[in-house]
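Some notes on the structure that comes next.
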Amino acid sequence: MQVISFANQKGGVGKTTSAINCASALGVLGKRTLLLDLDPQGSSTSGLGVQKSSLRFSSYDVLIGKCPIKNAIIKTEFKNLSVLPSNMALAGAEFELTDIERREYLLKRQLEELDKENLFDYVIIDCPPSLSLVTINALCASRHLIIPSQCEYYALEGLTQLMLSVKNIKKRYNPSLIITGILITMHSPRYKLSAQVMSELEKYYSDILFKTKISRVVSLSEAPSFGKPIYYYSRYSKGSLEYLEVAKEIISRIEGIF
Ligand SMILES: Nc1ncnc2c1ncn2[C@@H]1O[C@H](COP(=O)(O)OP(=O)(O)O)[C@@H](O)[C@H]1O
Ligand SMILES: [Mg+2]
């Protein structure tokens, strides 16, 4: 079971959109996939058509140890795709966990139990936009980190900061964590500034940038309001095909095939 966190301390960079659509594309490509929503906003949850208000258990209950992860997972209507849903309850977790011993490894332990059941090939974690204890739990439970980033000037600053944080997290909590890729989102090559920033990114991060970039297209922002990943909303659209390509790159980087 390969565990991949989608994280970036910045909000609005395409974490959730990429987590949903990479998870969905992995499912389409035959990988049994779990999308684990760790954001109290629950956008990954609603983006897969799961009602946040009617959850019996959520990622909050799993983190605080109230229920085994297996009991909180919901099968979606989409191929090979399940979700561990989230809602606002998770916003309180930060406080409740502060006194627990080894609080950074709560999710890791749950995923180790899940791994024994051999239900999933891939677990994709959608992280909140912060380096909170919840995000640290995600990074402690993951072998892989994918960083979605917009191609804009401030992204460069943000990435430098994030790289430092990742280095610290590796040293303190999880030495086996690797940055598996930086994924450029909401790309519009016609903007001149975009091209400048892109060439900077290529200079510093050429070895980890995904070859595929995700274009800025309306359908990717529309699909969640229909509770569908892009593949099921508009199968042959640009965004759908790009996320399929990214999923192939992920498989190739992690398993060495494709
Ligand atoms: N490639 C894209 N093209 C157009 N809109 C996008 C694209 N990716 C994300 N968005 C939109 O940008 C906003 C932020 O994206 P989101 O995935 O929620 O970011 P994050 O999870 O990092 O906060 C959302 O409204 C989303 O629909
Ligand atoms: Mg998000």
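Both ligands and their constituent atoms are indexed starting at 1 by order of listing.
- Note that atom 13 (C) of ligand 1 has no protein non-hydrogen atoms nearby, at separations under 4.0 angstrom.
- Looking at atom 18 (O) of ligand 1, its nearest protein heavy atom turns out to be Thr16 CB, 4.0 Å.
- Comparing heavy-atom distances from atom 20 (P) of ligand 1 across Gly12, Ala223, Pro148 singles out Gly12 as nearest.
- Interface of Val13 with ligand 1, defined as ligand atoms under 4.0 Å from a residue heavy atom, comprises 19 (O), 20 (P), 22 (O).
- Salt bridge annotation for Glu96-Lys66: absent, with no cationic side-chain nitrogen under 4.0 angstrom from a carboxylate oxygen.
- Taking atom 17 (O) of ligand 1 as the reference point, the nearest protein heavy-atom neighbour is Thr17 OG1, 2.6 Å.
- There is no side-chain donor-acceptor pair under 3.5 Å between Ser59 and Asp37.
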Which is it for Lys213 and Glu242 under the salt bridge (Lys or Arg N to Asp or Glu O under 4.0 Å) test, yes or no, and what are the steps along the way? CA-CA 7 Å; Lys213 301 180 192 76; Glu242 286 171 348; over 6 Å; no
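- Contact annotation for atom 24 (C) of ligand 1: protein absent (non-hydrogen atoms, distance under 4.0 Å).
- Under a 4.0 Å heavy-atom criterion, Val217 is in contact with ligand 1.
- Among protein heavy atoms, the minimum distance from atom 19 (O) of ligand 1 is reached at Gly14 N, 3.0 Å.
- Within the 4.0 angstrom cut-off, atom 3 (N) of ligand 1 has one or more protein heavy-atom neighbours.
- Annotation: cation-pi geometry not satisfied between Arg109 and Tyr105 (NZ/CZ under 6.0 angstrom from ring centroid, within 45° of ring axis).
- Residue, atom and distance of the protein heavy atom nearest to atom 1 (N) of ligand 1 are Ser215 O, 2.8 Å.
- A donor-acceptor pair is defined here as one N or O able to donate and one able to accept, closer than 3.5 Å; no such pair exists between the side chain of Asn80 and the backbone of Arg32.
- Listed by atom number, the atoms of ligand 1 under 4.0 Å from Ser221 heavy atoms are 5 (N), 27 (O).
- Contact between Pro129 and Lys15 at its shortest, heavy atoms only, is CB-NZ, 3.9 Å.
- A salt bridge links Glu152 to Lys10: one of the charged nitrogens lies within less than 4.0 Å of a carboxylate oxygen.
- Ring centroids of Tyr231 and Tyr243 are separated by 6.0 Å or more, keeping the two rings apart.
- Counting backbone and side-chain atoms alike, Gln41 contributes no N/O/S atom closer than 2.8 Å to the Mg ion (ligand 2).
- Regarding atom 8 (N) of ligand 1, its nearest protein heavy-atom neighbour is Met186 CG, 3.5 Å.
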